Structure formats: structure tokens, C-alpha cells
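This is a predicted model, so every value here is computed, not measured. Read the numbers this way: they start at 1 and go in the same order the structure lists the ligands and their atoms.
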Amino acid sequence: MQEQKMPVVAVVLAAGFGTRFDENNPKQLVSVGDKPIVCWSIEAFERNDRVSDIIVVVNERVSNMVNMLIDEAGYTKVRAVIPGGSERVDSTRAALDLLKQAGIPDGAKILIHDSVRPFVEQQSIDGCIDGLDQFNAATVAYASTDTILLTEDLGERKVVRSVPDRTDAFRAQTPQAFRFGTITKAYELATADPDFHPTDDTRVVVDYLPNEPVAIVAGSETNLKITTQADMPIAENIAHSLDPEHAKQEAKARMHAVFAEAFSQMHKH
Ligand SMILES: Nc1ccn([C@@H]2O[C@H](COP(=O)(O)OP(=O)(O)OP(=O)(O)O)[C@@H](O)[C@H]2O)c(=O)n1
Ligand SMILES: C[C@](O)(CO)[C@H](O)COP(=O)(O)O
């Protein structure tokens, strides 16, 4: 680990099998805006000055390719590429185990990120790091514009159990951030429960350390999780809008519009 007061470690989870996308085409390796999705995610942390170390978690199907991409790109903060497990939580656990073996202090800040959220904003990463100064857990989330229905089973039908106020409803995104001591404690407790299959790390803390508040950090609509093929055109649009050349063209077009408006006003008078 790099020497600094308290490490800030990003864990990029890329050990999924993308069953809803295409099992034969691992989505973390698919290119968006000419760059593999996993590289977008690693780069988001590589270029954040406050992140000291990156761990990438892979499965055997993508391992060689991810290692090659990391070598080619020459990312300087990637300390290890390790095998994950069959569920997302198993992959997180693999990273936590490695960090424990490395002797990382309990106060270290750990940011756990889905590799398939390539467009995470720097302000969300910073928000997580800052959030951990006040809280032991913080998650990026995006306010829901839909009313959310919590359901239960009634025979073969789902029926509505409760409707939270929309102002209290958020869509969970990543990174999800924790002091190392907090997330390891929550995982230790969860490990004893064989029936527990959470889809994110925040839930591990919420369920096993219920007195530990998890702060909400502002996410964004563009922090999209690429889940199915239908997400690809949206992702391409986002990548295009982030292209500096596109931003330049947009600025030019806006300038032309302002001049055109000014000329037409001049001719009116
Ligand atoms: N055993 C697993 C399962 C998921 N993930 C990662 O966790 C994120 C969760 O996104 P999701 O869309 O659920 O990915 P997959 O599990 O690959 O997709 P699916 O559920 O469709 O199989 C992804 O970056 C994925 O690579 C992981 O590291 N290890
Ligand atoms: C962690 C997560 O991205 C939060 O939205 C999500 O729960 C992980 O993926 P899944 O699609 O729920 O398996």
C-alpha cells in the first residue's frame, strides 16, 4: 500500500457474469465510446488525487483480458487483481480479506464500486470520501423521480405492502463507502447467516449494524449501471457527451447561436 496518513482504497468489482446482458460477451469488457467499460471505472478512481490504491476483482472469464488492459493502460494505483466469488458479496469479501491480510487500518476509507457503472462523477467519489469524515458508511444514491412501491407476496400475486414518501426514496448507486473496521464487522456478522444474499454492500451494514447510519451522497442520472443490452445506446450517448471534442463543438454551437441572435437583434433596430 502507498504510504499516506489514511489509505483511501477503491474496490472495482468486475467478477460478475452479466447474465442479463449476454453471458457470452462479458459486459465489463465491452467498449463504450471506444473504451472498455471496466477501464472507464478504473480510470475514475485513478484520476482522483484522493484515492491512494485500487483493487480490481475479476472472474476467470475476464481475468486475462482485465490484466492486459491494466498493463496496457499503465494505471499506477492498481495494487492487485484478485479472483471474486459467485455472488457480488463474495467478491466484496475477497477484497476485504486481501486488505485485512495487507494490514490495512480500521480507519481506512474503502469505496466499493460496480465496474459496470463507468460514468461515476468525481464529485460523487469526493462526496464518499468526505462523507466518511462524519459517518462510518456512506452511499452514492439518486433521488427517485418515481414513487416506489414496496411489495409482498399474496398467493401468486405481488401486492403493495407500503409506499414510502417519494422524498425518502432513492435509487442505490455506487461507490458505496465505509471505514474498513465498519464494513469488515458487518461482513463478519453476515457470514454467519447462510440465507443472506444482499445485492449491495450498504444492505450488509443496514441489516447487521442497524445503529450505524449510512449517509446519502449525491449520485447522478448518468451514473448508469449497464445491466442489459438496452442500456448500451444510453451509455454511448453519455460517453459521447463526455468526449472533450464533443464539448468543444457544443460550446462553438452555443457561441454561434448567441452571435446569430445578436445580429438579428441589430438588424431589427
Ligand atoms: N459475483 C459477482 C457478481 C457481480 N459482481 C460485480 O458487481 C457489479 C453488479 O452489477 P450487475 O449488473 O449485477 O452485474 P452481473 O452480476 O455481472 O450481472 P447479472 O446479475 O445480470 O449476472 C458488476 O460490476 C459485477 O461485475 C462481482 O464482482 N462479482
Ligand atoms: C450495488 C447496486 O449497483 C446498487 O444499485 C446493485 O444493487 C448491484 O447490482 P444488481 O443489479 O442489484 O445485482
Side-chain angles (χ1 to χ4, degrees), residues 9-30 32 36-45 54-63 65-67 69-70 78 80-99 110-121 124-125 128 137-144 146 148 169-178 183 186-187 190 196-207 214 216-232 234-235:
V9 183
V11 173
V12 176
L13 297 177
F17 285 89
T19 46
R20 290 168 289 178
F21 185 89
D22 178 356
E23 277 177 272
N24 299 313
N25 187 19
K27 59 184 176 178
Q28 53 275 57
L29 299 179
V30 168
V32 170
I37 287 168
V38 66
C39 292
W40 282 90
S41 296
I42 296 171
E43 278 173 29
F45 296 96
I54 302 173
I55 308 291
V56 183
V57 187
V58 294
N59 59 36
E60 70 280 5
R61 291 198 55 194
V62 300
S63 179
M65 197 59 187
V66 170
N67 273 294
L69 290 168
I70 290 171
V78 176
V81 180
I82 59 165
S86 58
E87 292 183 28
R88 189 184 183 284
V89 276
D90 302 318
S91 297
T92 296
R93 199 182 276 115
L96 296 178
D97 288 348
L98 173 84
L99 292 170
I110 313 298
L111 277 58
I112 304 170
H113 186 61
D114 293 335
S115 64
V116 294
R117 288 188 189 271
F119 308 120
V120 56
E121 293 185 347
S124 295
I125 297 176
C128 283
T139 184
V140 174
Y142 191 61
S144 177
D146 291 322
I148 298 293
F170 283 75
R171 283 154 45 192
Q173 297 187 336
T174 66
Q176 302 191 342
F178 312 90
I183 192 68
Y187 264 83
F196 191 57
H197 303 281
T199 54
D200 75 340
D201 302 295
T202 293
R203 183 155 176 212
V204 182
V205 170
V206 169
D207 282 13
V214 182
I216 295 290
V217 172
S220 58
E221 188 69 50
T222 50
N223 188 13
L224 164 83
K225 180 160 78 69
I226 297 174
T227 305
T228 68
Q229 297 281 347
D231 295 318
M232 286 305 286
I234 308 168

Distance to 0.1 Å, residue and atom name: give those for the protein heavy atom nearest to [atom].
atom: atom 9 (C) of ligand 1; answer: D114 OD1, 3.7 Å
atom: atom 22 (O) of ligand 1; answer: T19 OG1, 2.6 Å
atom: atom 11 (O) of ligand 2; answer: K225 NZ, 2.6 Å
atom: atom 13 (O) of ligand 2; answer: R20 NH2, 3.5 Å
atom: atom 8 (C) of ligand 2; answer: T199 O, 3.5 Å
atom: atom 17 (O) of ligand 1; answer: G18 N, 2.8 Å
atom: atom 1 (C) of ligand 2; answer: D200 CB, 3.4 Å
atom: atom 5 (O) of ligand 2; answer: A172 O, 2.7 Å
atom: atom 28 (O) of ligand 1; answer: A15 N, 2.9 Å

Can you see which heavy atom on [X] is nearest to which on [Y], and at what distance?
X: I55; Y: V9; answer: CG1-CG1, 3.9 Å
X: P118; Y: S41; answer: CA-OG, 3.5 Å
X: D231; Y: T227; answer: OD2-N, 2.8 Å
X: N223; Y: Q173; answer: ND2-OE1, 3.0 Å
X: S124; Y: V217; answer: O-CG1, 3.7 Å
X: A230; Y: I234; answer: O-CD1, 3.9 Å

Side chain, backbone, both or neither: [X] near ligand 2, heavy atoms under 4.0 Å:
X: E87; result: neither
X: R88; result: side chain
X: D114; result: side chain

Identify, by atom number and element, the atoms of ligand 1 in contact range of [X], meaning under 4.0 Å from any of its heavy atoms.
X: S91; result: 1 (N), 2 (C), 27 (C), 28 (O), 29 (N)
X: K225; result: 10 (O), 11 (P), 12 (O), 13 (O)
X: F17; result: 17 (O)
X: S86; result: 1 (N)
X: G85; result: 1 (N), 2 (C)
X: E87; result: 1 (N), 2 (C)

Work out whether the distance between some heavy atom of [X] and some atom of ligand 1 is less than 4.0 Å.
X: K27; result: yes
X: V116; result: yes
X: G84; result: no

Nearest-option assignment for [atom], heavy atoms, candidates [options]:
atom: atom 13 (O) of ligand 1; options: R88, R117, R20; answer: R20
atom: atom 6 (C) of ligand 1; options: V38, N59, L13; answer: L13
atom: atom 3 (C) of ligand 1; options: A14, G16, A94; answer: G16

Derivation and outcome, salt bridge (charged side-chain N to carboxylate O under 4.0 Å, His left out), residues E87 and R93: CA-CA 10 Å; E87 292 183 28; R93 199 182 276 115; over 6 Å; no

Neighbour count >12 (heavy atoms, 6.0 Å) for atom CE, M232: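 Counting neighbours around CE of M232, more than 12 heavy atoms of other residues, nucleotides or ligands fall under 6.0 Å, so yes.
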
Value rounded to 0.5 Å, distance of CD in Q28 from CD1 in I226: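 Answer for the CD-CD1 pair, Q28 versus I226, is 10.5 Å.
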
Side-chain touch F45/I54, heavy atoms, less than 4.5 angstrom: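 F45 reaches I54 side chain to side chain.
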
Distance-only side-chain donor-acceptor flag, T202 / Q176, under 3.5 Å: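 Yes, side-chain donor-acceptor contact under 3.5 Å.
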
Residue R117 vicinity, atoms of ligand 2 by number, heavy atom under 4.0 Å: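 In order of number, 2 (C), 3 (O), 4 (C), 5 (O).
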
